[in-house]
J.: 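Quick one: this structure, given as structure tokens, is what I'll be asking you about.
The structure displayed is predicted, hence computed values, not measured ones. Convention: sequence-line order gives letters A, B, ...; per-chain numbering from 1.
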Amino acid sequence: MGNALPPYLASLNPEQLEAVRHQGRSLLILAGAGSGKTRVITTKIAYLVRERGVEPESVLAVTFTNKAAKEMRDRAASIESTCSRAVMRTFHSFGAWFLRRNAAAAGLDPNFTIYDDDDQATLLHGLLPQNTRSECKAMVQAISRAKDLGLEPDSPDLSSAFSDPGMRRIYDMYDRKLRKTGNVDFGDLIGLPARLLREDEAVRRRTRQRFRVILVDEYQDSNVAQFELLRLLAGTGDADGSAGAYLCVVGDDDQSIYRFRGAEVRNILRFPEIFPGTDIIKLERNYRSFQSILDVAGDVVSHNAGRIGKKLVAERLGGAKPALSLLDDQDSEAAYCVKVCRERVKAGGRWSDVAILYRTNAQSLTFEKEFPRLGIPYRIVGASRFYDREEVKDALAYLALLCNPRDEVAFKRVVNKPTRGIGETSVDILLEAAGGGAFAGGAFAGDLLSASAEAGESLKGKARAGIKDFLGLVSGLAGLLDAPAADGETLALLVQRLIKASGLVEYHRAQDEVAGTQKVANLDEIANAASLYPRSREGLSTFLETIDLDRSLASEEAAATDAVTLITMHNTKGLEFPVVIATGLEQGLFPRDDEEGEELEEQRRLFYVAVTRAKDELHLTSCRWRRLHGRLFETGPSRFLSEIRGDLIQATAARRADARPVGAVPSPYGARPQPGVPGPRPGAGPREASPWRAGQAVYHDDYGSGVILKVSPTPSSGPLVVVRFETGRQAQFFPKFTTKLEIQKG
DNA sequence: AGTGCAACTCTTTTT
DNA sequence: GAGTTGCACT
């Protein structure tokens with residue numbers, strides 16, 4: 001009786017195999033970068049279906065990105081084809097799926113569309129016209145954070161989480177208004193399913209019967225609301241005596257980099273205590289990088305206090321020491337990158353082997369300027385913002401309104417675009433007609449189109465004709481949408497008709513000519529994207545949801561071209577490249593000088609993510625001069641660099657003037673002395689007597705009194721002093737170069 | 001209603 | 001320095 005493993009299991013290492021075959025209540029897989037976690041999760045799904053008799057339909061697997069979800073679906077199905085019947089989606093896409101199936105119970109229109117932050121701000125602005133748009137944006141952001149925390153307008157904890165006393169009232173107003181439109185925001189895609197599961201026993205029972213196995217990828221990026229939803233879905237520890245679903249979460253606490261968006265590292269740190277009986281498996285074998293690269297990543301992240309702790313061990317031994325280049329400014333940095341790229345290609349590699357990483361999008365500019373001139377092909381990942389463009393949002397708003405006639409944001413956007421003589425006052429009259437009685441069971445219950453048809457009659461002159469025009473246009477489009485589609489007809493037809501008949505094409509063509517933009521081309525691109533969907537209400541709904549939930553304009557073509565990748569460090573998660581250049585490793589930029597505590601730890605994790613993308617070669621660059629917000633700053637190397645054991649990297653100072661020996665790399669913040677380079681030179685460290693110390697009261701000519709938060713030494717500019725003023729303003733100075741900042745006695 | 005100018009801000013951003 | 005936003009003007 002041979003117990004040879006089937007081939008799809010045989011190639012796993014022992015820990016991976018253990019994770020795949022694990023049975024019990026719940027499992028936490030701590031999977032370091034490059035340890036094959038996607039492989040484990042997909043294999044586990046296939047294994048459960050194949051060997052354990054689990055119905056694919058009863059498996060729910062959630063991820064955070066569409067790309068990851070797609071990869072999971074593809075890979076699981078390639079092992080076991082019936083896996084395609086499992087629900088494998090992003091958290092938000094699962095929420096939308098769930099809400100459409102339980103729309104009535106959730107009090108939603110099954111054709112709801114999803115408001116992005118811009119739409120949210122528009123909605124709130126309609127409620128608070130006396131506030132500016134950017135104020136509304138800020139408030140909407142606070143509301144979104146509240147939703148990330150799983151807080152509702154009537155949650156007692158809301159007041160302690162948000163200092164603004166008006167928050168509760170605004171949040172409440174906003175939510176009521178949003179419910180009235182029948183639409184949802186991103187937070188609702190998590191929060192409303194959770195509420196429904198909490199409050200509706202029938203839905204809860206049905207859902208828990210269905211999903212017996214729940215897996216979560218990139219669990220370290222989940223927020224409190226997602227955790228709540230997960231707990232409700234799993235039903236573990238409920239009083240009703242149900243067994244609860246088998247819960248398996250996979251993540252890496254060292255790769256949690258979305259705290260600023262509400263991600264909660266504690267979700268993963270505390271998982272075992274919240275789900276008693278959890279088994280933990282660590283995957284620490286790395287199949288991607290050379291050990292020399294992992295050591296650098298490990299050294300930096302080991303300075304974090306709040307981590308579970310693990311050590312990555314490379315399967316690929318050896319590899320060159322990562323290179324650290326100390327450069328003059330970002331032009332030298334670009335030149336250095338060019339050199340690395342050319343060398344790679346000369347050695348038989350491809351341009352696409354190389355990725356240039358930076359913390360902020362603004363840093364890509366120098367590369368974009370230099371590369372075409374020097375013949376380096378490149379592509380920028382992220383920041384496409386196609387769906388944020390004016391003309392694109394216009395066209396989509398027409399479609400959204402067609403889908404849901406209660407969508408007030410869409411209505412306001414397009415009712416008078418292009419201009420039809422419907423001014424602000426007319427729009428208000430129409431909104432009033434639709435909204436006035438919605439709660440009291442008004443005649444139109446928020447239906448803006450029906451309301452406009454009636455209230456439009458009471459308008460006069462231009463506005464009256466305009467609204468007739470508009471309604472005629474919309475009903476024509478609705479007619480086309482509902483008419484039976486001939487073979488091969490797609491939504492593209494509807495979009496083409498829409499952009500022509502609405503006058504959007506004409507309107508934007510005129511702008512193109514003046515400003516040299518390509519708005520008409522973008523409109524055509526929407527029609528092109530729509531051609532993947534059938535011409536029906538359902539097709540339209542799917543089309544809009546896909547756009548709402550996936551703003552990345554997935555272009556296969558772009559991925560296939562051989563070009564250097566320019567990308568923010570955040571965007572690299574889940575990717576890998578043979579050659580990685582992590583740029584801008586300067587104190588004040590990465591990390592920023594005001595980052596400390598949890599924020600500083602998150603930056604270390606970001607460094608860890610960036611570095612562990614590299615398979616063969618890692619380069620780090622740090623510039624002495626950095627142009628930021630239009631000003632030139634002298635900076636020192638990032639403190640992260642001094643957290644790396646000196647013998648792990650090959651440092652070179654390629655500076656024109658004042659080239660200094662490598663040993664002189666400063667070690668900001670008085671970091672503990674470490675063997676090798678870089679490290680503080682004896683006698684030249686930050687220990688020099690200086691009146692500039694944290695806590696010292698100061699006075700500035702322009703800003704008034706303040707207190708020094710932090711002092712960082714620089715190689716030749718003296719200390720860099722970060723000051724918080726009584727006005728609340730924070731600023732940094734080189735006392736060496738300014739006479740305006742003085743010590744305040746007392 | 002549409003244009004022009006001054007003022008403000010300026011990490012990261014899966015969904 | 002660049003892009004966006006708000007306000008005022010015609």
J.: Between B:dG2, B:dT15, B:dT12, which nucleotide gets closest to the side-chain atoms of A:T419?
T.: B:dG2

J.: Base of B:dT15, side chain of A:R261 - is there a donor-acceptor contact under 3.5 Å?
T.: yes

J.: Ignoring backbone atoms, establish whether A:R592 has a side-chain N or O less than 4.0 Å from OP1 or OP2 of B:dT11.
T.: yes

J.: What is the distance, rounded to the nearest whole Å, between atom CE of A:M88 and atom C1' of B:dT14?
T.: 19 Å

J.: If you pin A:I422 and A:T568 to their nearest nucleotides in DNA chain B, which one's is more 5'?
T.: A:I422

J.: Please check the phosphate of B:dT13 (OP1 and OP2 only) for any side-chain N or O of A:N361 closer than 4.0 Å.
T.: yes

J.: In this structure, how many angstroms lie between the P atom of B:dT14 and the CG atom of A:D252, rounded?
T.: 20 Å

J.: Centroid-to-centroid, A:F186 to A:Y115, below 6.0 Å?
T.: no

J.: Send over the distance from A:H92 NE2 to B:dT15 P, rounded to a whole Å.
T.: 9 Å

J.: Base, sugar-phosphate or nothing for A:G95? Non-hydrogen atoms, less than 4.0 Å.
T.: nothing

J.: Checking side-chain polar atoms at under 3.5 Å, does A:T542 have a donor or acceptor matched by the opposite partner on A:E545?
T.: no

J.: Could you work out the separation of C:dT5 and B:dT12 based on their P atoms and round it to a whole Å?
T.: 16 Å

J.: Evaluate whether the aromatic ring of A:F260 and the six-membered ring of the B:dT12 base sit under 5.5 Å apart, centre to centre, with an inclination under 30°.
T.: yes

J.: Please classify the nucleic acid contact of A:R133 as base, sugar-phosphate, or nothing, using heavy-atom distances under 4.0 Å.
T.: sugar-phosphate

J.: Under 4.0 Å between a side-chain N/O of A:S134 and OP1 or OP2 of B:dC8, yes or no?
T.: no

J.: Please find out if less than 6.0 Å separates the ring center of A:H570 from that of A:Y258.
T.: yes

J.: What is the nucleic acid contact for A:K417, judged by heavy atoms within less than 4.0 Å: base, sugar-phosphate only, or nothing?
T.: nothing

J.: Roughly, in whole Å, what's the span from CG in A:L365 to P in B:dC10?
T.: 18 Å

J.: OP1, OP2 of C:dT5 versus side-chain N and O of A:K137: anything below 4.0 Å?
T.: yes

J.: Under 6.0 Å between the ring centres of A:F367 and A:Y378?
T.: no

J.: Can you measure A:I190 atom CD1 to B:dT14 atom C1' for me and round it to whole angstrom units?
T.: 12 Å

J.: Does A:R100 make a cation-pi contact with A:F112, if we ask for NZ or CZ under 6.0 Å from the ring centre and within 45° of the axis?
T.: yes

J.: Can you tell me which nucleotide in B:dT15, B:dT14, C:dG1 comes closest to the side chain of A:H629?
T.: C:dG1

J.: Among A:D109, A:N111, A:T113, find the residue that satisfies the side-chain hydrogen bond (donor to acceptor under 3.5 Å, both in side chains) test when tested with A:N183.
T.: A:T113

J.: OP1 or OP2 of B:dT12 less than 4.0 angstrom from a side-chain nitrogen or oxygen of A:N571, does that happen here?
T.: no

J.: Could you tell me whether A:E218 contacts a base, only the sugar-phosphate backbone, or nothing, with contacts defined as non-hydrogen atoms closer than 4.0 Å?
T.: nothing

J.: With syn defined as a glycosidic angle within 90° of 0 and anti as everything else, classify B:dT12.
T.: anti

J.: Can you check whether A:N66 has a side-chain N or O nearer than 4.0 Å to OP1 or OP2 of B:dT15?
T.: yes

J.: Starting from P on C:dT4, measure out to CG on A:D117 and report it in whole angstrom.
T.: 15 Å

J.: Calculate the interatomic distance between A:Q255 atom CD and B:dT14 atom P; express it in whole Å.
T.: 17 Å

J.: Round to the nearest Å and state the distance from A:N131 atom CG to C:dC7 atom P.
T.: 11 Å

J.: Quick one: on DNA chain B, does A:Y258 or A:N416 contact a more 5' nucleotide (nearest heavy atom)?
T.: A:N416

